[in-house]
Chemist: 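Take this structure first; my questions come after.
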Amino acid sequence: MKKPQVFVTRKLTDEVIAMLEAVATVEQWTEDYPIPRELLLTKVEQADAVLTMLTERIDEELLTRAKHLRIVANMAVGYDNIDLAACKKHGVIVTNTPDVLTEATADLAFALLMATGRRVTEANRFLLNGEWTSWSPMLLAGQNVFGTTLGIIGMGRIGEAVARRAKGFGMRIIYHNRSRRHGAEEETGAEWAGLEALLQESDYVLLLTPLTEETRLLMGEKQFGLMKETAVFINVSRGGTVDEAALYNALVEKKIWAAGLDVFQVEPVPLDNPLLRLPNVVALPHIGSATIQTRTEMAKLAAANIALVLKGEEPLTAI
Ligand code: DGY
């Protein structure tokens, strides 16, 4: 019997490819940039499964071409690159990679929070530019982290993991989420708050919501206007949740103090994005889950989902 075919949209480790080769014939796009759309549309025509990144758009056009497709295994917890309704219509299973990236992403969110509040990248540039001429009382003075208030918008697994870290920093934790998270409330003392109250009370506002029609441009002029002038805004969700022009104005007009951004409206962020020129912006290239161990686990989970579906079994993490 002919083996099923899997198309993998980025180069992954031999271990992951071996997991797929145990059940299928595997082809990979091995360049370190996204596969051109036209080529992807050709490649999926013969595929029974695709292992995708968040850089690939899985939509009606692609699904119409992919006549044999049974599963799209996205190597990310977010899946705003995938049209779920179209997948359902075409009978294609979609899986993501939750849990395995929770702690690494929470670490990065907290690292970005600290780097932004304490002006770490600005201080590093200052030193490298030869500007450090003497110790000075208020030189590169930032905002306290310990003992301040953290507001988390989008309290899922990653939010809860950040809250555990924040508890160790003596922070008061408030969160906004559609549903109450009683476990997190008990474990970390986190309190549910309405969005407005959270924005008004927080010293650090951390955005962790998935990108949906409901959360698109969630943070705009009004929301930044509610924040404290000393507050720091951190986005580790998706760039589409933030009105970047409104964020720029809020920073320039000193309505808020600083921003730490791991995600942008357009990625890779164009270097002429004005946010990148502000000294009080810490910008990272979407590395929330980027540890060797976590990315390896994400790839293995995506491969395991494909192997299960191709054997006619239930995947581990269907959406
Ligand atoms: C995700 O998993 O959605 C991240 O943004 C990439 O790791």
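Only heavy atoms go into these numbers, but all of them, side chains included; no hydrogens, no water, no symmetry mates. For ligands, and for the atoms within them, numbers begin at 1 and follow the listed sequence.
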Chemist: Which ligand 1 atoms, with their elements, are less than 4.0 angstrom from a heavy-atom of Gly78?
Modeler: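 Going through ligand 1 atom by atom, the ones under 4.0 Å from Gly78 are 1 (C), 2 (O), 3 (O).
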Chemist: When you look for heavy atoms under 4.0 Å from ligand 1, do you find them on the side chain of Thr97, its backbone, both, or neither?
Modeler: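 None of Thr97 does.
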Chemist: Of the options Thr215, Leu54, Leu211, Thr212, which is the one that meets Asp80 in a side-chain contact (heavy atoms from CB on, under 4.5 Å)?
Modeler: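 It is Leu211; the other options fail the test.
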Chemist: What are the atoms of ligand 1, with element, lying closer than 4.0 Å to any heavy atom of Leu54?
Modeler: 5 (O), 6 (C)
Chemist: Between Val77 and ligand 1, is there a nitrogen or oxygen pair with a distance under 3.5 Å?
Modeler: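 So ligand 1 has an N or O lying under 3.5 Å from an N or O of Val77.
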Chemist: Hey, are Thr317 and Asn305 close enough side-chain-wise for a donor-acceptor pair under 3.5 Å?
Modeler: yes
Chemist: Have Tyr175 and Glu185 got a donor and an acceptor in their side chains that come within less than 3.5 Å?
Modeler: yes
Chemist: Under 4.0 Å from a heavy atom of Ala76: which atoms of ligand 1 are those, numbered in the order shown and with their elements?
Modeler: 1 (C), 2 (O), 3 (O)
Chemist: What orientation do Trp192 and His176 show, parallel under 30°, tilted 30 to 60°, or perpendicular over 60°?
Modeler: tilted
Chemist: To check your reading of the model: name the closest protein heavy atom to atom 7 (O) of ligand 1, its residue, and the distance in Å.
Modeler: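 Scanning the protein heavy atoms, the shortest distance from atom 7 (O) of ligand 1 goes to Ser289 OG, 2.5 Å.
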Chemist: Are Thr52 and Arg10 close enough that some pair of their side-chain heavy atoms sits under 4.5 Å apart?
Modeler: no
Chemist: So do the side chains of Val44 and Leu69 get within less than 4.5 Å of each other, counting heavy atoms only?
Modeler: no
Chemist: Quick check: does Ser237 get an N/O under 3.5 Å from an N/O on ligand 1?
Modeler: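 Between Ser237 and ligand 1, no N or O pair is found under 3.5 Å apart.
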Chemist: For a quick test of reading the model, state the closest non-hydrogen atom pair linking Arg119 to Gly142 and the distance between them.
Modeler: CD-CA, 3.9 Å
Chemist: For a 4.5 angstrom cut-off between non-hydrogen side-chain atoms, does Leu12 reach Met75?
Modeler: yes
Chemist: Which atoms of ligand 1 are found less than 4.0 Å from any heavy atom of Arg295?
Modeler: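 Close to Arg295: 7 (O).
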Chemist: From the options Met298, His286, Met53, select the one whose nearest heavy atom is closest to atom 5 (O) of ligand 1.
Modeler: His286
Chemist: Enumerate the atoms of ligand 1 whose separation from the nearest heavy atom of Leu101 is less than 4.0 angstrom.
Modeler: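 Near Leu101, meaning under 4.0 Å from one of its heavy atoms, ligand 1 has 2 (O).
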Chemist: Would you say Met75 and ligand 1 have an N/O pair spaced under 3.5 Å apart?
Modeler: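 In fact, backbone or side chain, Met75 has no N or O that close.
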Chemist: Could you tell me, atom by atom, which parts of ligand 1 come under 4.0 Å of a heavy atom of Arg238?
Modeler: 1 (C), 3 (O), 4 (C), 5 (O)
